[in-house]
Amino acid sequence: MPARSKIINSTIGRRLRQARERAGLPQDRLGVLAGLEESSSSARMSRYEGGVHEPPMKFAEALAKVLGVPVAFFYCNDDRLAEIILAYSAAPEAKRQTLLESARSLVV
């Protein structure tokens, strides 16, 4: 019986690919920058992006640092909330406070 790939978490893979493409990095380069061996980097990153494997949290944190996104972005399954996470992380501190206050004012 042939082995089948099981999709572990497509959200993480989708967000990882989104952040990588946004940063303009190929899979193999991202993997190396995050600490993988060059020889296995492309294959491992492909498995993470494809949802075949989920990166360990410590490695997800390394990927987030290289890509300039919060690690929470990888695990967010709501597209709008993921965009808010990116906007918040890119904003200067004063704007972050304004964003937080705006969000709180929406909750009734």
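Heads up: numbering here begins at 1 and tracks the sequence. If you're wondering where the values come from, they're calculated on a predicted model, not measured in any experiment.
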Report summary line: d(T11 OG1, F73 CZ) to nearest 0.5 Å is 11.0 Å
Report task. Look up atom OG in S89 and atom CD1 in I84, then write down how far apart they are to the nearest 0.5 Å. Result -> 12.0 Å
Query raised in the report: side-chain hydrogen bond (donor to acceptor under 3.5 Å, both in side chains): which pairs involve residues 17-27, sequence neighbours left out?
Result: R15-Q18, R17-E49, R20-E49, Q27-E49
Query raised in the report: Does L25 share a hydrophobic cluster with L16, counting links as ILVMFWY side-chain heavy atoms below 4.5 Å and allowing steps through other members?
Result: yes
Report task. Report whether M45 and V32 are members of the same hydrophobic cluster (ILVMFWY, side-chain heavy atoms less than 4.5 Å apart, transitive linking). Result -> no
Using side-chain heavy atoms (C-beta onward) and a distance below 4.5 Å, is [X] in contact with [Y]?
X: P55; Y: I12; answer: yes
X: F74; Y: V69; answer: yes
X: Y75; Y: I85; answer: no

Query raised in the report: Can you check side-chain contact (heavy atoms from CB on, under 4.5 Å) on R104 and L99, steps first, answer last?
Result: CA-CA 9 Å; R104 284 181 176 154; L99 181 58; over 6 Å; no
Donor-acceptor contacts, no H, no angles, side chain residues 58-65, under 3.5 Å, sequence neighbours left out:
none

**Report entry** Donor-acceptor pair, side chain of R47 and main chain of H53, under 3.5 angstrom
**Finding:** no
Query raised in the report: Donor-acceptor pair, S40 side chain versus L36 backbone, under 3.5 Å?
Result: no
Query raised in the report: Any salt bridge (Lys or Arg N to Asp or Glu O under 4.0 Å) pairs touching residues 27-40, not counting sequence neighbours?
Result: none
Requested in this report: Please determine, by modelled atom types, if E93 and Q97 share a side-chain donor-acceptor pair under 3.5 angstrom.
Outcome: no
